[in-house]
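Whatever order the structure lists them in is the order used to number ligands and atoms, beginning at 1.
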Amino acid sequence: MTDCIFCKIVSKEIPSEIIYEDDKLIAFKDIDPQAPVHIIVIPKKHIKSLNELDQNDSTLIGHIFLTIKELVKQLGIKEKGYRVVNNCGELGGQTVPHIHFHVLGDRKFSWPPG
Ligand code: AMP
Ligand code: ZN
């Protein structure tokens, strides 16, 4: 999508601090971190939100989560615990309409979320 900020990160039109990339996904540092570790993981393919996922995306979503499992080791937060968040739609707090997963760590998170 031409005017999607995360598609522009994928195409490198917008610079970002990429920590991992493969043919299906990219992981980069959040520009406005909410924790000492705050990474955004996105599929390279433009999917607006979780609402737009279909059966064909199940391998992709599995790959994203298994990659997160590897990244948390690299980030040194695996044993301490961490949080993976998907905000969906307006009430869910989604501000970028390209599905993404926040990986947050290195501080204590409260529940319920704000
Ligand atoms: P959400 O509010 O769940 O849609 O999350 C969007 C996230 O993207 C926010 O945490 C933003 O700080 C982050 N973000 C927006 N633009 C950029 C960017 N250019 N580089 C890195 N992170 C970004
Ligand atoms: Zn996009």
Side-chain angles (χ1 to χ4, degrees):
M1 266 206 35
T2 48
D3 61 351
C4 170
I5 192 167
F6 284 178
C7 283
K8 286 183 178 165
I9 284 177
V10 170
S11 66
K12 318 269 165 66
E13 283 172 70
I14 292 178
S16 66
E17 281 192 70
I18 296 166
I19 65 153
Y20 176 78
E21 179 173 8
D22 63 27
D23 59 329
K24 297 278 184 274
L25 65 79
I26 190 163
F28 52 93
K29 291 188 182 175
D30 196 292
I31 205 169
D32 182 22
Q34 302 302 310
V37 172
H38 189 171
I39 302 300
I40 300 285
V41 184
I42 64 171
K44 288 190 165 178
K45 172 185 164 188
H46 182 86
I47 301 169
K48 188 177 164 199
S49 79
L50 195 148
N51 286 341
E52 280 70 35
L53 289 176
D54 64 35
Q55 253 336 300
N56 296 326
D57 298 313
S58 56
T59 305
L60 176 62
I61 296 304
H63 177 57
I64 286 174
F65 272 82
L66 289 171
T67 301
I68 289 172
K69 183 186 161 186
E70 294 305 313
L71 290 178
V72 295
K73 286 186 211 163
Q74 190 181 306
L75 293 163
I77 57 174
K78 181 187 173 189
E79 304 303 338
K80 292 187 233 181
Y82 52 89
R83 189 169 285 184
V84 180
V85 174
N86 170 253
N87 296 326
C88 184
E90 192 184 344
L91 290 188
Q94 183 176 7
T95 60
V96 178
H98 179 132
I99 192 171
H100 51 279
F101 298 89
H102 298 258
V103 180
L104 299 137
D106 247 353
R107 74 167 169 85
K108 177 75 179 162
F109 298 102
S110 57
W111 194 265

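Scanning both residues, V10 and I42, for their nearest heavy atoms gives CG2-CD1, 3.7 Å. Minimum interatomic distance between G105 and I77 (heavy atoms only, all atoms of both residues): CA-CD1, 4.1 Å.
At least one donor-acceptor pair under 3.5 Å links the side chain of K44 to the backbone N or O of D22. Side chain of E70 to backbone of T67: no donor-acceptor contact under 3.5 angstrom is found.
Of all protein N/O/S atoms, those lying under 2.8 Å from the Zn ion (ligand 2) come to 4.
Within 6.0 Å of atom NZ in K108, 12 or fewer heavy atoms from other residues, nucleotides or ligands are found, so the atom counts as exposed in its surroundings. For E13, the CD atom sits in a packed shell: over 12 heavy atoms of surrounding residues, nucleotides or ligands are nearer than 6.0 Å.
Taking the charged nitrogens against the carboxylate oxygens, K80 and D106 do have a contact shorter than 4.0 Å, which makes a salt bridge.
Protein residues with a heavy atom under 4.0 Å from ligand 1 are I5, F6, I9, F28, K29, D30, I31, D32, N87, G93, Q94, T95, V96, H100, H102.
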Can I get a per-line list of side-chain donor-acceptor pairs under 3.5 Å for residues 88-96, giving both atom names and the distance, sequence neighbours left out?
residue : atom : partner : partner atom : Å
Q94     : OE1  : G89     : N            : 2.9
Q94     : NE2  : K48     : O            : 3.0
Q94     : NE2  : V96     : O            : 2.9

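Here ring pair (Phe, Tyr, Trp, His ring centres under 6.0 Å) pairs that include residues 37-68, with residues two or more places apart or in two chains, are H38-H102, H46-H98, F65-F101.
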